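Reading through the structure tokens given below for one structure.
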Amino acid sequence: MTDPRRHIPRTDALLADPELAAAAHTLGRDTVKAAITRAQDLARSGRISPGEVAAHALAALPGTASSLRPVLNATGVLVHTNLGRAPLSAAAISAITAAAGPTDVEFDLVTGARARRGRDAMAALAAAVPEAGGVHVVNNNAAALLLCALAMAAGREIVISRGELVEIGDGFRIPDLLRSTGARLHEIGTTNRVHLRDYAEAVGPDTGFILKVHPSNFQVTGFTSTVDTAELVGLGAPVVVDIGSGLLRPHPLLPEEPDAATVLRAGATLVTASGDKLLGGPQAGLLLGAADLVERLRRHPAARALRVDKLTLAALEATLRGPETPVAQSLSADQAELLARAKQLVAELTGAGVDAVAVESSAAVGGGGAPGVELPSAAVSLPERYAAALRARAVVGRVERGRCLLDLRTVAPQQDSTLLAAVLAVPR
Ligand SMILES: *Cc1c(COP(=O)(O)O)cnc(C)c1O
């Protein structure tokens, strides 16, 4: 009898292996046991030898106890919703790590007394937008809108243009979100046009607020008209503006994208925005505007259910005070430099026998803002079959006209070697 299955190492023996024991310590015993079982199964079916079981189990273990895999975004979409939106800066990542244990998020180390939660992140946000009398941070932009509707319009009306009834993504719609609070929507105008007189006729004693929603993921062109924030402030109702992307100040490359400072200067009562789009920070909902109103929102009972955790506060403060974010770097990257990097990568790939070409391409901000804006970029173009093979190696490109493009605008220069290694690892 030479049945190889009799030689497959037993689970308890494998768990005693120093490296697997160390992995069980950091990743959890169940995770390691599951990897061992899978490796034993492979040996049982003869696909690996019994002597390889320990090494195979070790190699199959995830890098961390979470099964979320880090991905290299080579799609050319800066704020990619399915890839977790904004990648955090190194400063934000280390702030999260530092805040992970016990931290003074609600504690004053000088007096030993309770302190206002997240005061430093709020101060950083207030400093970034001095136009705002008050600031508050909640779970995301949807939560910010929810809180506005609950605190300012429950049982009352929100005046909103039909051209701004936006579906955000994954089937979620801003009008449904607002109605879920008990507020009524007073829809005005048409899909393509709304006028100041429509707003003026709609505002009355039942109005909670006027809401303007930035069309951040679509464009309406042709016979269109909208009403600027500045024209709405005289109508006798608070004006809330959902700017979407989270730009705090104007960006020279995105002249059409609204920003918090400009909208507040135009007279908006309150601005809401996401933290993880063009701001380049963690998922969060920013509320900026009239101090008394922001305080009312902060003290609303529902605010407790929408609050952010200490990790978000840490990352947000580091994003606001720290060096340029990866999103900002991607946005301002120079096409000639991107093309030079693409040519460098292609030289190495063709040298290794890969069918690779450096091409000019067009990148985009993504669902997070600036619809229709094309950012001139550069890419490594590969045969289409590379798209799936690279995804298996956690590198995500995009397929265009039968080629797999790895767009360098969303790849940091220090990731080029990782990208190169991943392409070279695909069997030719
Ligand atoms: C993205 C977006 C939202 C939703 O923001 P979340 O932070 O994902 O909740 C709402 N309104 C606009 C205009 C947006 O662009």
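Small disclaimer: the values here were computed from a predicted structure and weren't measured. Every number for a ligand or one of its atoms is a count from 1 in the order of the listing.
Looking at every heavy atom in both residues, V194 comes nearest to V227 through O-CG2, 3.7 Å.
Within 6.0 Å of CZ on F172 lie no more than 12 heavy atoms contributed by other residues, nucleotides or ligands. Atom CZ of R173 has 12 or fewer heavy atoms from other residues, nucleotides or ligands within 6.0 Å.
Close contacts between ligand 1 and S274 involve ligand atoms 1 (C), 5 (O), 6 (P), 7 (O) [criterion: under 4.0 Å to a heavy atom]. Those atoms of ligand 1 with a heavy atom of A142 less than 4.0 angstrom away are 6 (P), 9 (O).
The stretch residues 214-238 participates, sequence neighbours left out, in no salt bridge (Lys or Arg N to Asp or Glu O under 4.0 Å) pair at all.
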> Could you go step by step and tell me if R321 and D120 meet the salt bridge (charged side-chain N to carboxylate O under 4.0 Å, His left out) rule?
Replying inline: CA-CA 10 Å; R321 293 199 202 274; D120 297 322; 5.5 Å; no
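No part of Q283 comes within 4.0 Å of ligand 1, judged by heavy-atom distances. The part of S216 lying near ligand 1 is the side chain, judged by heavy-atom distances below 4.0 Å. Heavy atoms of I174 found under 4.0 angstrom from ligand 1 belong exclusively to the side chain. Contacts between R85 and ligand 1, counted as non-hydrogen atom pairs separated by less than 4.0 Å, involve the side chain only.
Within the model, atoms OG of S381 and CD of E360 stand 13.0 Å from one another, a figure rounded to the nearest 0.5 Å.
Residues R156 and T207 are not in side-chain contact: their nearest non-hydrogen atoms beyond the backbone lie 4.5 Å or more apart.
The N/O atoms of S245, backbone and side chain alike, include none that comes under 3.5 Å of an N/O atom in ligand 1. Every N/O-N/O distance between H214 and ligand 1 stays at or above 3.5 Å. In terms of polar-atom proximity, I168 is not counted as a contact of ligand 1, lacking any N or O under 3.5 Å from an N or O of the ligand.
Evaluated by nearest non-hydrogen atom to atom 11 (N) of ligand 1, the leading choice among N139, V166, D242 is D242.
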